[in-house]
2 protein chains.
Amino acid sequence: MSNDENIYRQILRAIVEHQLPPGARLPEDRLSEAFGVSRTGIRKVLQRLALEHFVVIEKNKGAQVNRPSEAEASEILDSRILIEPQLIPTLLMHWDETQSKRFRAMAQEEKQAESANLLADSIQLTARFHYELATLSGNKVLAHFIEQLCYRSSLILAAYGTRGSVGCECGDHTQLLDLLDQKDADKAQHWMSHHLKHIKSSLILESKPEENIDFQRLFGR
Amino acid sequence: MSNDENIYRQILRAIVEHQLPPGARLPEDRLSEAFGVSRTGIRKVLQRLALEHFVVIEKNKGAQVNRPSEAEASEILDSRILIEPQLIPTLLMHWDETQSKRFRAMAQEEKQAESANLLADSIQLTARFHYELATLSGNKVLAHFIEQLCYRSSLILAAYGTRGSVGCECGDHTQLLDLLDQKDADKAQHWMSHHLKHIKSSLILESKPEENIDFQRLFGR
DNA sequence: TTCTCTAAAATTGTATACGATATTTTCAAT
DNA sequence: ATTGAAAATATCGTATACAATTTTAGAGAA
């Protein structure tokens, strides 16, 4: 793996795992020092992260971890609700015992990470479950998009998630695996849709009063 | 608009309009000379174009216009077939006479460009019709994804399109607008699905024998 | 203390330098 | 004429330099 790619993944991981919270600044000097490369390489990955909406770069002010707006959060979840259930029929064509075992192992890990309160692992595994499922559909273009949406969802949880609700409380992913084993496309689709809607509704999408205070409207004549 | 963004759009436009055909090399020196900026700025936009799959960057060999594989072409069209019809119900909620007129004007322009054999305009307008429609759904995240897929579709047409089939022969986009005016979601969805499938089936997805010849398999023991 | 203004430090944006790698050209030998 | 090797050229990857801008720190006045 190229060095750039390596740096990219490390920073992305830190953001997705909430080590770098929304709003955190990412000065190029410190990063270049930390990774032992010049600012050139750092700028390259920051620009990539900005394109992917994990950071925001403001001219002359550098990069900071993106704080997704409520609209963005809503749209990301809506996108997943629209696409992920639709992938299930195609995915089922590739579903066999090998896959079933693989995903059950993942779900198991997830459960353990959650009960051990390993937040970082829990976040990673939850996202991974979804996008590996998407990958199984065989459409790499869509799977990559879903992967991005899953990671952005992790960022959303950092901003709007209720404490401890990294995953979903409505049972767990093994329920979906049962339906897939039964090759019940309809029920599996319905479950996925419900699952994502549940996550969306669990977000606290309330205006954070601290930012974007419109003093003009508040106090202006 | 920032200067980088400007350069980005100009190069993207040249690629999408088939001014720069798949495989064309993009030497940083020439571009920096042409745009009057240093290689730094050029590299920035080339890296962005690479992330968006419009160009491919090979280590120490620079960038060239991407030649989408058959698999990639197929997946992009499949993604559009999956998503775009699904956007229609949401889109219809925002459909009114203003929009109808706007899109009819666009369809008209399209027809004119096509009959005048203005390939570049024709390509742009066809793509724009689709992603502006997606934008109307209100979901910017999805609309942006569709926009990218539309542009990549233009690149696909450059590689696999039958001569003169930039658009779709099955009538034209005004048919869809009629259905939208009637608020007939079902028929509009069906039309969109058919439209995209037609485009996909019109591609000549045959192995190009010139490249990737496996001499080992051919002649090796 | 609290505010404002100014100087210092930090940080970013862009160009350039230079070693490393790839490509092309040249030219001799078969 | 074709092949192959070697030099010359072109191109890329990375670090660095420097001007422009922002942020921070500090001194003085109310």
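In what follows, chains carry the letters A, B, and so on, assigned in the order in which the sequence lines appear, proteins first and then strands, with residues in each chain numbered from 1. Predicted model, so just to flag it, every value in this text is computed and none were measured.
- In this structure, A:R30 reaches the C:dT11 phosphate: one of its side-chain N or O atoms is under 4.0 Å from OP1 or OP2.
- Residue B:N60 has its side chain nearest to D:dC12 when only D:dA17, D:dT23, D:dC12 are considered.
- The nearest whole Å value for the distance from the CD atom in B:E28 to the C1' atom in C:dA15 is 14 Å.
- B:N139 contributes a side-chain N or O that, together with a main-chain N or O of A:E75, makes up a donor-acceptor pair within less than 3.5 Å.
- The residue among A:G62 and A:T40 whose nearest nucleotide of DNA chain C lies closer to the 5′ end is A:G62.
- For B:I57, whose side chain is taken as the heavy atoms from C-beta onward, the closest listed nucleotide among D:dA15, D:dG13, C:dT12 is D:dG13.
- Atom NZ of B:K59 is separated from atom C1' of C:dA22 by 13 Å (rounded to the nearest Å).
- Between the P atom of C:dA10 and the CD atom of A:E33 lies a distance of 12 Å, rounded to the nearest Å.
- A:I88 is listed as a side-chain neighbour of A:L176, based on a closest heavy-atom distance under 4.5 Å.
- In this structure, the separation between NZ on A:K101 and CG on A:D96 is 10.0 Å, given to the nearest 0.5 Å.
- Residue-to-nucleotide proximity on DNA chain D shows that, of B:K61 and A:G36, the 5′-proximal contact is made by B:K61.
- Atom P of nucleotide D:dG13 and atom CD1 of B:I42 are separated by 14 Å, given to the nearest angstrom.
- Between B:R39 atom CZ and C:dC18 atom C1' there is a gap of 11 Å when expressed in whole angstrom units.
- Looking only at side-chain heavy atoms (C-beta outward), B:Y131 and B:F145 stay at 4.5 Å or farther from each other.
- For the pair B:R25 CZ and D:dA10 P, the computed distance is 14 Å after rounding to whole Å.
- Here B:R43 reaches the OP1 or OP2 of D:dG13: one of its side-chain N or O atoms lies under 4.0 Å away.
- Taking atom CG on A:D29 and atom P on D:dT16, their separation rounds to 12 Å, with Å as the unit.
- The nearest whole Å value for the distance from the CG atom in A:N6 to the P atom in D:dT14 is 13 Å.
- Note that B:R48 lies in the cation-pi zone of B:Y8, set by a 6.0 Å cut-off to the ring centre and a 45° limit from the axis.
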